[in-house]
2 protein chains.
Amino acid sequence: MSNSTPATIEDVARIAEVSIATVSRAIHTPEKVANSTRLKVHQAIAITGYTTNAMARSLRLGRSNMILVVAPDIGDPNFSNILVGLENEARAHGYGILIGHTQNDAQRGLEYLKFLNSNQAAGLILFTGILPFGHQTMTARLPATVGVFEPIYNGGLPYVGVDDVAGARKLIDLLLAEGHRKIAFIGDSRTRLAYSRRRQGFEEGMDAANMRPENRIVIDGDGTIESGRLALEQLFMQDRLPTAFMCVNDQTAIGVMLGLTARGYNIPRDFSVTGFDDVPLSGFMSPPLTTIRQPRTAIGKRAMALLLDLLGDGVTPDGEILLMPDLVVRNSVGPPKGLR
Amino acid sequence: MSNSTPATIEDVARIAEVSIATVSRAIHTPEKVANSTRLKVHQAIAITGYTTNAMARSLRLGRSNMILVVAPDIGDPNFSNILVGLENEARAHGYGILIGHTQNDAQRGLEYLKFLNSNQAAGLILFTGILPFGHQTMTARLPATVGVFEPIYNGGLPYVGVDDVAGARKLIDLLLAEGHRKIAFIGDSRTRLAYSRRRQGFEEGMDAANMRPENRIVIDGDGTIESGRLALEQLFMQDRLPTAFMCVNDQTAIGVMLGLTARGYNIPRDFSVTGFDDVPLSGFMSPPLTTIRQPRTAIGKRAMALLLDLLGDGVTPDGEILLMPDLVVRNSVGPPKGLR
DNA sequence: TTGTAAGCGTTATCAT
DNA sequence: ATGATAACGCTTACAA
């Protein structure tokens, strides 16, 4: 069955004994074609195994039906479920999805920019928190674009994600309610809106409880397990110990937990720890991690819906769609040691 | 800088005051163009910000410079490092990578098939273990294709991965050497070559040690953490307990460990457990998991090199390239209880 | 060394 | 309701 070359619209036309124009119409505007003709065409299509050559179609149309999703790290445990949401919604509207992987390398980003500029994708979803095109970022001519999961720092682009400030606020309020006073925020030094917003939630909560600056320990990592561990070591070396660690994300929290456990401490008896994102692993930790759940599939769905809207009427919507995140209370938080 | 429409080759030609053919040559066969002309052209390109329209180019050429990588589950912890190897190699040869995500859904697979059939990708890398095109699998007309990480069950396609039999053999030999006699193999019931080969390694090792059938407990899951847990519960319920669990992959092993720990057992004092793959999480377990390391980046690199070869001379190479995997000894294996 | 022109597979306009 | 044909942007004989 391995024919040498794919069937073209002409092959179909010949077999159906109509013109190629009619074949095209039978496919895309069947109502403009006589019933009998349409039947013949579809039979011919079945015989030849014809599928539209998307390159030719897109060239002619000046647009494709593919959406490019760019992420710096495919391995990000948040990514795959977001993707499911994106895909389902795209499919429902006749679009396909292609994934680009930048590894935080501007060179790679640029290649995707080229891809976009040659109309190989109709729209762009950015999972990056920052425009990934290096020095060309400012002058990049982008198709319809929406950020997802992380607001985009330097783009002024529409975005769908969770309300980071509110999520962080839920966490800090929980810690405060348990009786914690001296709390460390293990942040992320990379310039990303999501991180500074989570920090902001932390500060607002501390403010609301009238906590003095000396009760707030802020230290930055880079959002990895390793960096959580490192931040913890720093704090121990400097002898600046809180009773609770509020971490910018789950990875960091897992690093902190691992470090604490390795030092022989018990969580939450000796220290409390919180995360953010509810990554799959978090539920498997011991103790399971108290964190904020990202409605990942929903976020993906909304983001794609937004993009498709944008593609439709080309009108740029209001800046951000913020979903409310849920607090997931597990077992990594308890009252501080002094209070028990 | 947001021009309405991308510059075309004609814009460049006009500005450089040459024909479009010369522009094309200046780009692709610069040696066939006078120095002075080449200079003018490149200046014009800079001015216009021109990038080749890949759709038009591919349509004309009948091939693209994109490689499609299809995986059922982007979230697979093995995937992201394989991808790095694939990408680096592809880039080095002027190819870009696109990722397709099937979620084990034949419908989705079919869409990628269409994508391929319209020449939108020059080659295909399959991370799937099985051709993902449903009932059209048998008649699918594929471009140059190579399987990676998992041999492809129903394709007869070239493949780059690890020697599963040899890897499993290392594991079973370790267990045997520690003194284990009654060993359970927690397998995967899905029809994939990788799993049956690991099982084969298990059997060969047991055979070589003259172990009787009643010392071999074989039970199947589906390769997830949950299924490892479930398999363990089944064994407990049936009261068929081994002293060691050899698991088809790390996820399964982690499930087994979690279940064992939840039941209050100590690993490796009460039971030994092994995995396969050395997924990132495995090193973080307590105890860290003894397993087989997949040289993921190397596998990706080799697979892409093979594909590019194939693209070059179109000659189908010998079936499989098997890399030797390393045993990673950590702390989840010890002597069986009776022997201590 | 450079230009002219055909053609890749579509869709859309204009006739018929 | 259907057919001829131009055009989308590009590469590559072939001519000059």
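Each chain gets a letter, A, B and so on, in the order the sequences are listed, and its residues count up from 1. What you are looking at is a predicted structure, and each value in this text was computed from that prediction instead of being measured.
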Rounded to whole angstrom units, what separation is found between the [atom1] atom of [X] and the [atom2] atom of [N]?
{"X": "B/Asn53", "N": "D/dA7", "atom1": "CG", "atom2": "C1'", "answer": "14 Å"}
{"X": "B/Arg25", "N": "D/dA15", "atom1": "CZ", "atom2": "C1'", "answer": "11 Å"}
{"X": "A/Arg38", "N": "D/dA1", "atom1": "CZ", "atom2": "C1'", "answer": "12 Å"}
{"X": "A/Ile20", "N": "C/dG7", "atom1": "CD1", "atom2": "P", "answer": "14 Å"}
{"X": "B/Ile9", "N": "D/dA7", "atom1": "CD1", "atom2": "P", "answer": "18 Å"}
{"X": "A/Leu61", "N": "C/dT13", "atom1": "CG", "atom2": "C1'", "answer": "14 Å"}
{"X": "B/Lys114", "N": "C/dG9", "atom1": "NZ", "atom2": "C1'", "answer": "16 Å"}
{"X": "A/Arg14", "N": "D/dG3", "atom1": "CZ", "atom2": "C1'", "answer": "16 Å"}

Is [X] touching bases, backbone alone, or none of the nucleic acid, heavy atoms closer than 4.0 Å?
{"X": "A/Leu59", "value": "base"}
{"X": "A/Thr51", "value": "sugar-phosphate"}
{"X": "B/Thr37", "value": "sugar-phosphate"}
{"X": "B/Thr52", "value": "sugar-phosphate"}
{"X": "A/Ala21", "value": "base"}
{"X": "B/Ser118", "value": "nothing"}

- Message: With hydrogens left out and only the distance checked, is there a donor-acceptor pair under 3.5 Å joining A/Arg60's side chain and the base of D/dG9?
- Response: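 Between D/dG9 and A/Arg60, which were checked side chain against base, a qualifying N/O pair under 3.5 Å is absent.
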- Donor-acceptor pair under 3.5 Å: do we get one between A/Arg57's side chain and the base of C/dT10?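 Between C/dT10 and A/Arg57, which were checked side chain against base, a qualifying N/O pair under 3.5 Å is absent.
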- Whichever of A/Met55 and B/Val33 has its nearest DNA chain C nucleotide further upstream toward 5':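 Its nearest nucleotide being more 5', the pick is B/Val33.
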- Given that B/Val18 and B/Ala56 both sit by DNA chain C, which one's nearest nucleotide is further toward the 5' end?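 Per heavy-atom nearest nucleotide, the more 5' residue is B/Val18.
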Just wondering, are more than 12 heavy atoms of other shown residues or ligands nearer than 6.0 Å to [atom1] in [X]?
{"X": "A/Arg302", "atom1": "CZ", "value": "no"}
{"X": "B/Lys301", "atom1": "NZ", "value": "no"}
{"X": "B/Arg108", "atom1": "CZ", "value": "yes"}

- Task: Tell me yes or no: between the side chains of B/Arg91 and B/Asn88, is some donor less than 3.5 Å from an acceptor?
- Result: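 Judged by distance alone, the side chains do not pair up.
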- Query: Cut-off 3.5 Å, side chains only: do B/Ser118 and B/Gln120 have a donor facing an acceptor?
  - Reply: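 Judged by distance alone, the side chains do pair up.
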- Query: Is the backbone N or O of B/Ile130 less than 3.5 Å from a side-chain atom of B/Thr128, with the two atoms forming a donor-acceptor pair by type?
  - Reply: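 The answer is yes, because a donor-acceptor pair under 3.5 Å joins these two groups.
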- Message: Tell me if a side-chain donor or acceptor on B/Thr137 pairs with a main-chain N or O of B/Gly134 at a distance below 3.5 Å.
- Response: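 Side chain of B/Thr137 to backbone of B/Gly134: a pair is present.
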- Taking five pairs at each end of the helix from C/dT1-D/dA16 to C/dT16-D/dA1, what angle separates the two helix axes (nearest 10°)?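 Here the local axes at opposite ends form an angle of 40°.
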Taking only side-chain nitrogens and oxygens of [X], does any of them come within less than 4.0 Å of OP1 or OP2 of [N]?
{"X": "B/Thr22", "N": "C/dG3", "value": "yes"}
{"X": "B/Ser19", "N": "C/dG3", "value": "yes"}
{"X": "A/Ser24", "N": "C/dT11", "value": "yes"}

- Describe, in one word, how the ring planes of A/Phe79 and A/Phe127 are oriented to each other, choosing from parallel (under 30°), tilted (30 to 60°) and perpendicular (over 60°).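 It falls in the perpendicular class, over 60°.
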